[in-house]
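Numbered from 1 within each chain, the chains take letters A, B, ... in sequence-line order.
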There are 2 protein chains.
Amino acid sequence: MSSDTRDTLIGAAQELYAESGVAATTPRQVLQRSGVGQGSLYHHFPSKRELAIAAVERTVSTALAAAEADLHGEADPRSRLAAYLQRPRDAIRGCRIGRLTSDPFVMADATLRDDVAGYFRRLLDEVGAVFREQGLSDGDARDRATAAVAIIQGGYVLSRAAQDPDAMRSAVRGFLGLLGER
Amino acid sequence: MSSDTRDTLIGAAQELYAESGVAATTPRQVLQRSGVGQGSLYHHFPSKRELAIAAVERTVSTALAAAEADLHGEADPRSRLAAYLQRPRDAIRGCRIGRLTSDPFVMADATLRDDVAGYFRRLLDEVGAVFREQGLSDGDARDRATAAVAIIQGGYVLSRAAQDPDAMRSAVRGFLGLLGER
DNA sequence: GTCTATATCTCGATAGAC
DNA sequence: GTCTATCGAGATATAGAC
């Protein structure tokens, strides 16, 4: 099936982007990782840009679905929030999407930039809705949701800097400690 | 003086690294930004790597000094913490140091990686000391300091994604709101 | 110490056979 | 749809005059 090779290329690109970002990932690396022949990439995608768009948009969809699985559901708001913040993460690897905010290839392209912006906009809306369930005003819920997402993004940065997954856990503990006592 | 040209090159590299990172910054760009002739770079630095080390280490020193200026001093601990968290930042530009945790050139080099790790280690120690002044246990102070630094790093990511400096302010408001009510 | 010229490599992309 | 071969551009680095 034609979409097999295409999907394989997208999957390899997603892996490599998580390791090195988009700008630093070459078409040749994608071909080697995927085991697909050289000409095939430019048969399925007109350029590196279109492959990047397909791979980033798939990563964004998957990440949003995972967040919604934690944040929606039957449990009380406090538990859903804790589930989102404490979900197992490969913290040393860094955030596949957050890291793209420093990627020159992504930030130079309006479509890719909007994909990243849209991910965080929707994530902040979801987290904010949970805080509003707890009776917070729109503004306070927004600020607290932004803080919660920043804890995760900052946790990734600190874990990656220290090469230690405990930095993420420490940041989440610090934040949940402040939340939990009220 | 011989260090003039060298300093000019380091300053140009610091600017470019803040805009595009180390991996994506070419020696040619550094020369153009600095106004220095082509051969001069390789007279003052054996390779791109040594220039990067000099520029990153200078950026780290400056950033640590700025943090210490906020966190030390006569004011009460709560005010010093707020001063650090609320200091005016060019949030859309992103963190000059935090972004390096996603930079392939930096992360592939042990010296540069250690420079970045050392920055966050020392920053976390400084912020943690302020929380300990407030009577928190070592562990709780550590967790709260990690959360505070994660708020700033995450605030940078969110501001950059949205191209909106208010994301940083919102994250800090959300965090200080939780801190302030106790 | 600084200049121009250039070597060598890899990148993103294309050509054209099969 | 996939292959090998290769192009033009730009990256890092060096040579050698001044």
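dC3(C) atom P lies 14 Å from atom CD of Gln32(B), rounded to whole Å. The distance between atom NE2 of His44(A) and atom P of dA13(C), rounded to the nearest whole Å, is 16 Å. When rounded to the nearest whole Å, the span between CG of Leu51(A) and P of dA13(C) equals 10 Å. Leu31(A) has its CG atom 12 Å from the C1' atom of dC3(D), to the nearest Å. We find that CG of Asp7(B) is positioned 13 Å from P of dG1(C), with the value rounded to whole Å. Atom CG of Leu41(B) is separated from atom P of dT4(C) by 15 Å (rounded to the nearest Å).
Glu68(A) is linked by a salt bridge (Lys or Arg N to Asp or Glu O under 4.0 Å) to nothing, counting only residues two or more places apart in sequence or in another chain. The salt bridge (Lys or Arg N to Asp or Glu O under 4.0 Å) search around Arg28(B) returns none, not counting sequence neighbours. A search for salt bridge (Lys or Arg N to Asp or Glu O under 4.0 Å) contacts involving Asp166(B) returns Arg169(B), not counting sequence neighbours. With sequence neighbours excluded, the residues satisfying salt bridge (Lys or Arg N to Asp or Glu O under 4.0 Å) with Arg173(A) are Asp143(B).
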**OP:** Starting at the 5' end of nucleotides 11-18 of chain D, put B wherever the base has a protein heavy atom under 4.0 Å, S where only the sugar-phosphate does, and a dash everywhere else.
**Re:** SBBB----
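Partner of Glu19(A) under the side chain to side chain donor-acceptor pair (under 3.5 Å) criterion, out of Gln14(A), Arg33(A), Arg99(A), Gln29(A): Arg33(A) alone.
In the region residues 102-116 of chain B, proximity to DNA chain D at under 4.0 angstrom, judged on heavy atoms, holds for none of the residues.
Remark: Arg89(A) is positioned above the aromatic ring of Tyr84(A), its terminal NZ or CZ atom under 6.0 angstrom from the ring centre and at most 45 degrees off the axis.
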Side-chain donor/acceptor pairs under 3.5 Å, residues 102-109 of chain A, sequence neighbours excluded:
residue   : atom : partner   : partner atom : Å
Asp103(A) : OD1  : Ala23(A)  : N            : 3.2
Asp103(A) : OD1  : Phe105(A) : N            : 3.0
Asp103(A) : OD1  : Val106(A) : N            : 3.3
Asp103(A) : OD2  : Val22(A)  : N            : 2.6
Asp103(A) : OD2  : Ala23(A)  : N            : 3.2
Asp109(A) : OD1  : Thr111(A) : N            : 3.0
Asp109(A) : OD1  : Leu112(A) : N            : 3.1
Asp109(A) : OD2  : Arg49(A)  : NE           : 2.3

For residues 118-125 of chain B, which side-chain donor-acceptor pairs fall under 3.5 Å, sequence neighbours excluded?
residue   : atom : partner   : partner atom : Å
Asp125(B) : OD1  : Arg142(B) : NH1          : 3.2

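At least one side-chain nitrogen or oxygen of Ser40(A) sits closer than 4.0 Å to the OP1 or OP2 atom of dC3(D). OP1 and OP2 of dC3(D) both lie 4.0 Å or more from every side-chain N or O belonging to His43(A). Regarding contacts with the backbone of dG1(C), every side-chain N or O of Thr5(B) stays at 4.0 angstrom or more from both OP1 and OP2.
For residues 79-88 of chain A, the pairs satisfying salt bridge (charged side-chain N to carboxylate O under 4.0 Å, His left out) are Asp70(A)-Arg87(A), Arg80(A)-Glu133(A), with sequence neighbours left out.
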